[in-house]
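Quick notes on the structure that follows.
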Amino acid sequence: MINKIMIEERLVVLDGDIDKVNKQLINLEQQRIETVGILNALTGAKQQCQSFLNAFSNDEPEASDSGDVE
């Protein structure tokens, strides 16, 4: 039979579990923020490399006399 003490003990266990899950969520959110920052840095580095490649392409003599502005 279930009694008041059993329910109170269960509530204590549940409170502990809730605290653990909340801490996990906080850690996961921090990891997400850090991962987004890394992704942004990598994307910026890729864009910079693409810019460098474009600069190399622009240094080569072109067949036509057209400029960047039409």
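Being a predicted model, the structure only gives us computed values, none of them experimental.
- At most 12 non-hydrogen atoms from other residues, nucleotides or ligands lie less than 6.0 angstrom from CD1 of Ile5.
- Counting non-hydrogen atoms of other residues, nucleotides and ligands closer than 6.0 Å to CG of Leu11 gives a total above 12.
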Only distances under 3.5 Å count here; give the side-chain donor-acceptor pairs of residues 20-38 to other protein atoms, sequence neighbours excluded, each with its distance to 0.1 Å.
residue, atom, partner, partner atom, Å
Asn22, ND2, Ile18, O, 3.4
Asn27, ND2, Lys23, O, 3.4
Glu29, OE1, Arg32, NE, 3.3
Glu29, OE2, Arg32, NE, 3.4
Glu29, OE2, Arg32, NH2, 3.0
Gln30, NE2, Glu34, OE2, 3.2
Thr35, OG1, Gln31, O, 2.7

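- Within the model, atoms CD of Glu9 and CG of Leu14 stand 12.0 Å from one another, a figure rounded to the nearest 0.5 Å.
- For the atom pair Glu8 CD and Asn3 CG, the distance stands at 9.0 Å (nearest 0.5 Å).
- Interatomic distance, Cys49 SG to Asn54 CG, rounded to the nearest 0.5 Å: 11.5 Å.
- Closest approach of Met1 to Met6, counting heavy atoms only: O-SD, 3.5 Å.
- With hydrogens and angles ignored, the 3.5 Å screen pairs a side-chain donor or acceptor of Thr43 with a backbone N or O of Leu39.
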